[in-house]
Amino acid sequence: MGTDRAAPEDPGGSSTGNVGPRPYRAGVPAYHQETLDALFHDPRARTLFGTTFVVVDLETTGGAPDGRGITEIGAVKIQGGEELGEFATLVNPGSPIPPFITVLTGITEAMVAPAPSIEYVLPSFLEFARDAVWVAHNAPYDTGFLKAACAQFGYAWPKPLVLDTAALARRVLTRDEVPNHKLATLARWLKSARQPCHRALADARATVDVLHALIGRLGGHRVHTLGDTLEFVKAVSPTQRRKRYLAEGLPDAPGVYVFRGARDRPLYVGTSSSIATRVRSYFTAAEKRARMSEMLAAAERVEAIECAHALEAEVRELRLIAAHKPPYNRRSKFPERVVWLKLTAEAYPRLSIVRQVRDDGAAYLGPFTSRRGAEMAAAGAYDALRLRQCTHKLSVRTTTPACALAELGRCSAPCEHRISAAEYARQSADPFRAATERDPGAVVHRLLGRIEALAGAQRYEDAAVVRARLVAFLRASIRMQRLASVTGLAELVAARPSATGGWELAVVRHGRLAAAGTSPPRVHPQPTLDALLATAETVRPGPGPTPCASPEETERILGWLDRPETRLVRVDVGWASPAGGAGRWRGLLSVAESADSRQREL
């Protein structure tokens with residue numbers, strides 16, 4: 001049914017090195033040795049000289065790939081400029097061959113009648129092409145038929161790396177050199193002795209010559225490895241190609257990377273579990289963000305800051321962004337812009353939006369990332385509690401004229417002493433204070449009652465407005481109590497297993513990461529922990545639920561602590577939230593947020 005000749009020696013086999021005087025027709029140096037890492041771990045790291053290719057071509061009946069329709073398969077295995085073997089067979093497509101296909105290829109129904117079906121050809125071809133990079137001209141067409149056939153007959157798709165010579169030609173050759181990028185045009189341009197003729201093996205042989213010629217042009221583009229070639233084929237901008245050297249020499253370790261421009265100005269800060277892999281991705285076709293293209297054009301170097309583990313990397317990223325405010329970072333640049341909803345410490349307290357928490361006896365709710373969020377939560381408090389909304393400083397001795405809200409029954413009019421300071425505190429101030437420190441139940445129940453009443457009166461839009469206020473208030477209360485639970489601890493030590501063995505260690509003081517490290521595998525972590533504790537940052541407490549770190553930093557730490565594999569090693573006092581605290585309303589918050597989201601979509 002076909003031929004498959006093996007070369008006397010397969011340099012792509014299991015040897016650890018590949019040294020020999022085999023000149024590559026495409027201009028690769030005659031003497032070359034692959035690294036162990038390239039051979040065994042990452043095929044993309046192999047040079048083109050050391051990569052085994054299987055150049056394949058199909059002839060079909062011309063329909064869509066549905067598992068059948070293949071009439072012929074031809075393939076040539078090559079490495080380092082040498083042809084190692086060929087595979088060729090006719091295939092019975094199981095359906096009539098259209099006359100125009102017969103005219104084009106010369107393949108008749110009489111020729112394929114005795115041939116095996118693709119079900120029986122596939123195992124032989126897949127074995128021939130095993131562990132090789134597949135090459136085809138207009139590769140999606142050929143691989144699409146082969147993949148559909150594998151799915152049709154239950155063969156596992158090998159998920160090969162695929163190189164398309166048509167796409168490569170479009171990247172390498174200009175219109176001044178060739179009028180188009182058809183296989184026949186490229187073969188004539190090369191003056192190849194092997195011209196395509198719409199027969200599978202002949203076309204595969206012609207594609208081999210085209211591939212070698214195109215590889216010979218890649219050196220001028222600083223493309224030498226398989227991975228570089230696969231990325232070069234994609235739509236990578238000239239800036240990305242020109243600046244690709246910035247990704248060289250970076251560590252394959254967790255940490256933070258900083259793109260720096262003129263005068264060493266930080267342009268962009270990011271984090272990754274592998275700095276090298278993440279930075280390389282900025283120079284591939286996967287990076288399509290316009291602002292990143294602008295950033296790469298201005299970048300002059302990349303600084304790598306290795307970290308003990310992912311948590312330290314995330315925290316350092318937040319701190320660097322907050323300190324330098326890089327122009328191409330969008331998030332976390334202004335942690336100082338958070339706002340708080342403050343219940344003042346007066347005889348008749350009122351709500352005020354402030355930017356800083358002070359040790360002044362007032363009650364604070366937050367932090368809010370925007371003033372609008374704080375205003376929504378305040379509106380919810382006003383709906384549930386008869387807090388005064390005026391900004392006057394009221395006296396318990398003299399009265400002040402009442403505003404319209406008192407006449408509408410929306411305020412208990414403490415300005416005119418219609419209510420005592422003690423009663424005002426019991427009805428309005430104390431429930432708000434309880435919502436910040438313990439249980440927001442009083443506010444929640446009153447808002448739920450108001451929503452129910454509005455819905456019962458078919459005032460659904462008004463009910464939705466109150467629901468949005470409930471969401472803002474409850475979300476802030478839950479967030480604040482969660483933050484306060486850890487920021488109130490003078491010291492917390494935790495550990496989680498490292499993916500490479502050993503333990504990832506973190507020392508947290510008042511919600512701030514004070515030290516981070518990793519103990520080696522198969523070694524007791526106590527010596528590492530002792531060194532971390534001795535050198536950890538000294539953190540002094542302050543007022544409010546986030547006294548020593550940004551809310552984002554403390555939340556990243558909480559996320560790390562919440563993982564099931566994390567172990568608490570030491571904590572100075574009990575780490576807990578109020579038994580009847582805001583956390584018990586998480587289910588209600590989730591339902592209300594979902595309802596709000598659906599409302600916005602309508």
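Counting from 1, the numbers follow the sequence of the chain as shown. Just so it is clear, the structure is predicted and the values come from calculations on it, not from any experiment.
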Count the heavy atoms belonging to other residues, nucleotides or ligands that lie under 6.0 Å from [atom1] of [X], then report whether that count exceeds 12.
X: Arg556; atom1: CZ; result: yes
X: Arg301; atom1: CZ; result: yes
X: Arg522; atom1: CZ; result: no
X: Glu452; atom1: CD; result: no
X: Arg358; atom1: CZ; result: no
X: Lys325; atom1: NZ; result: yes
X: Arg563; atom1: CZ; result: yes

Does the pair [X]/[Y] count as a salt bridge with the N-to-O cut at 4.0 Å?
X: Arg509; Y: Glu537; value: no
X: Glu346; Y: Arg388; value: yes
X: Glu552; Y: Arg331; value: no

Reported [atom1]-to-[atom2] distance for the pair [X] and [Y], which is rounded to 0.5 angstrom:
X: His510; Y: Thr538; atom1: NE2; atom2: OG1; answer: 10.5 Å
X: Ile557; Y: Glu553; atom1: CD1; atom2: CD; answer: 5.0 Å
X: Leu365; Y: Lys342; atom1: CG; atom2: NZ; answer: 14.0 Å
X: Gln526; Y: Asp530; atom1: CD; atom2: CG; answer: 4.5 Å

- salt bridge (charged side-chain N to carboxylate O under 4.0 Å, His left out) contacts in which one or both residues fall within residues 363-374, not counting sequence neighbours: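 Matches after skipping sequence neighbours: Arg371-Glu375.
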- Task: Please confirm whether His309 and Trp503 have ring centers closer than 6.0 angstrom.
- Result: no
- Query: Centroid-to-centroid, Tyr282 to Phe259, below 6.0 Å?
  - Reply: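 Centroid separation for Tyr282 and Phe259: below 6.0 Å.
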- Any side-chain donor-acceptor pair under 3.5 Å between Arg433 and Thr436?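 Side chains of Arg433 and Thr436: no pair found under 3.5 Å.
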